[in-house]
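Since the structure comes first, as structure tokens, the remarks are kept for the end.
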Number of protein chains: 2
Amino acid sequence: MSRMYNPAHPGEVLREWLPEGMTVTEAAKALQISRVTLSKVLNAKAGITAGMALRLSAWLETTPDMWLGMQTQWDLWQAEQQPRPTIKPIDRQVA
Amino acid sequence: MSRMYNPAHPGEVLREWLPEGMTVTEAAKALQISRVTLSKVLNAKAGITAGMALRLSAWLETTPDMWLGMQTQWDLWQAEQQPRPTIKPIDRQVA
DNA sequence: ATAAGTGTTAATTAACAGGCTACAATTTTT
DNA sequence: AAAAATTGTAGCCTGTTAATTAACACTTAT
């Protein structure tokens with residue numbers, strides 16, 4: 001199945017969840033990670049890891065699956081853009 | 001949210017999708033990866049990547065999300081077992 | 001003008017996917 | 001039965017990437 005549109009990077013979505021005017025430094029402190037790490041995520045220079053998803057969900061009161069799911073969709077879309085081998089569906093001897 | 005039970009590693013699930021008696025070598029050939037790589041996945045020595053999920057879905061006629069979703073759940077459960085920092089939910093000035 | 005703070009890049013470390021080689025164990029062939 | 005081929009996994013190596021700290025350019029406050 002191919003995704004029609006380039007899904008947003010989770011970091012881009014995360015931006016919208018940060019309160020207007022909150023600095024990267026403040027958010028990083030709340031998440032107990034370095035501001036460098038958060039900056040990279042926000043600028044799509046790094047993805048959402050399971051540990052990061054847990055932190056985000058605790059802080060923003062969402063599910064970790066939401067964040068990891070976004071990352072998954074992004075990873076999948078990226079992989080789909082790469083040249084891929086032709087794989088013949090398995091033959092299961094239906095009858 | 002905590003997952004009650006240790007989810008199966010995707011490689012464990014993959015085992016059940018392989019036709020009875022099919023060798024790792026044959027399956028790897030169909031997936032166009034090395035038998036070493038497939039062996040590692042089956043033995044939970046490596047996870048499912050986006051590229052792997054695309055191969056599996058093409059071969060087994062499933063969705064890539066199914067495989068990546070399993071990996072996500074597994075990763076999350078692993079991360080939840082680790083010691084985690086206490087993160088206070090953001091205060092959004094509700095009123 | 002100095003000092004403190006902000007966001008990003010650079011450099012380093014750790015973890016991990018994937019490949020190839022090697023090897024023990026099994027299976028097949030002769 | 002002996003030899004040859006095949007199978008699955010462990011070891012080693014490479015490339016990628018998440019995370020940290022240090023360093024940087026830039027802004028704001030004193």
Side-chain angles (χ1 to χ4, degrees), chain A residues 9-12 14-59 64 67-68 70-85 87, chain B residues 9-12 14-59 64 67-68 70-85 87:
Chain A
H9 187 278
E12 201 177 320
L14 176 54
R15 286 202 122 93
E16 304 166 6
W17 283 73
L18 302 185
E20 186 75 14
M22 172 173 283
T23 66
V24 171
T25 303
E26 289 170 323
K29 193 163 300 181
L31 290 166
Q32 298 177 54
I33 57 178
S34 76
R35 60 205 167 112
V36 174
T37 298
L38 180 56
S39 173
K40 281 201 244 186
V41 170
L42 291 173
N43 293 296
K45 296 278 175 43
I48 304 281
T49 62
M52 184 71 71
L54 288 174
R55 290 171 135 100
L56 289 175
S57 62
W59 187 46
W67 299 102
L68 274 184
M70 277 190 265
Q71 185 62 47
T72 290
Q73 294 312 307
W74 196 82
D75 289 344
L76 257 182
W77 196 86
Q78 296 299 320
E80 279 168 356
Q81 306 316 303
Q82 299 295 322
R84 321 205 284 102
I87 295 181
Chain B
H9 187 278
E12 202 177 319
L14 176 54
R15 285 201 122 94
E16 303 167 5
W17 283 74
L18 302 185
E20 185 76 13
M22 172 173 284
T23 66
V24 171
T25 304
E26 289 170 323
K29 194 164 300 181
L31 290 166
Q32 297 178 53
I33 57 178
S34 77
R35 64 205 164 112
V36 176
T37 298
L38 180 55
S39 173
K40 281 199 248 187
V41 171
L42 291 174
N43 293 295
K45 295 280 176 42
I48 303 281
T49 61
M52 185 70 71
L54 288 174
R55 285 167 195 259
L56 289 175
S57 62
W59 188 47
W67 299 102
L68 274 184
M70 276 190 265
Q71 184 63 47
T72 290
Q73 294 312 306
W74 196 83
D75 289 344
L76 256 183
W77 195 86
Q78 296 300 320
E80 279 168 355
Q81 305 315 304
Q82 298 296 322
R84 319 208 282 102
I87 295 180

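In the text below, chain A, chain B and the rest are named by the order of the sequence lines, each starting its count at 1.
Trp77(A) pairs by the ring pair (Phe, Tyr, Trp, His ring centres under 6.0 Å) definition with nothing, not counting sequence neighbours. Residues satisfying the side chain to side chain contact (heavy atoms under 4.5 Å, CB included) criterion with Ala27(A), sequence neighbours excluded, are Leu18(A), Met22(A), Leu38(A), Trp59(A). For Glu12(B), there are no side-chain hydrogen bond (donor to acceptor under 3.5 Å, both in side chains) partners, not counting sequence neighbours. Checked against side chain to side chain contact (heavy atoms under 4.5 Å, CB included), Arg55(A) has the following partners two or more places apart in sequence or in another chain: Leu31(A), Gln32(A), Ile33(A), Pro85(B), Ile87(B). A search for side-chain hydrogen bond (donor to acceptor under 3.5 Å, both in side chains) contacts involving Trp74(B) returns nothing, not counting sequence neighbours.
A heavy-atom distance below 4.5 Å is found between the side chains of Met52(B) and Val41(B).
Nearest approach of Ser57(A) to Pro64(A), heavy atoms of both residues: CB-N, 3.4 Å. Pro10(B) and Gln71(B) get closest at one heavy-atom pair: CG-OE1, 3.4 Å. Of all non-hydrogen atoms in Leu68(B) and Leu76(A), the two that sit nearest each other are CD1-CG, 3.5 Å.
Defining each end axis of the helix from dA1(C)-dT30(D) to dT30(C)-dA1(D) as the rotation carrying four pairs' C1' atoms onto the next four, with five pairs an end, the two axes are found to diverge by 10° to 10 degrees.
A donor-acceptor contact under 3.5 Å is not formed by the side chain of Lys40(A) with the base of dA18(D).
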Look for any protein N or O under 3.5 Å of an N or O in nucleotides 24-27 of chain C and output each such pair with its distance, or none.
none

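Where Arg15(A) and Gln71(B) meet DNA chain C, the nucleotide closest to each residue was compared, and Arg15(A) sits on the side nearer the 5' end.
Under the side chain to side chain donor-acceptor pair (under 3.5 Å) criterion, the residue pairs touching residues 36-45 of chain B are Ser34(B)-Thr37(B), Ser39(B)-Asn43(B), with sequence neighbours excluded.
Here Lys45(B) lies in heavy-atom contact (under 4.0 Å) with sugar-phosphate atoms only.
Of the residues in residues 21-36 of chain A, those lying under 4.0 Å from DNA chain C by heavy-atom distance are Thr23(A), Val24(A), Thr25(A), Arg35(A), Val36(A).
Annotation: the span from Glu26(B) atom CD to Arg35(B) atom CZ amounts to 12.5 Å, rounded to 0.5 Å.
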Problem - Annotated protein contacts, base or backbone, on nucleotides 25-30 of chain D with a non-hydrogen cut-off under 4.0 Å, one of B, S, - each - result: ------

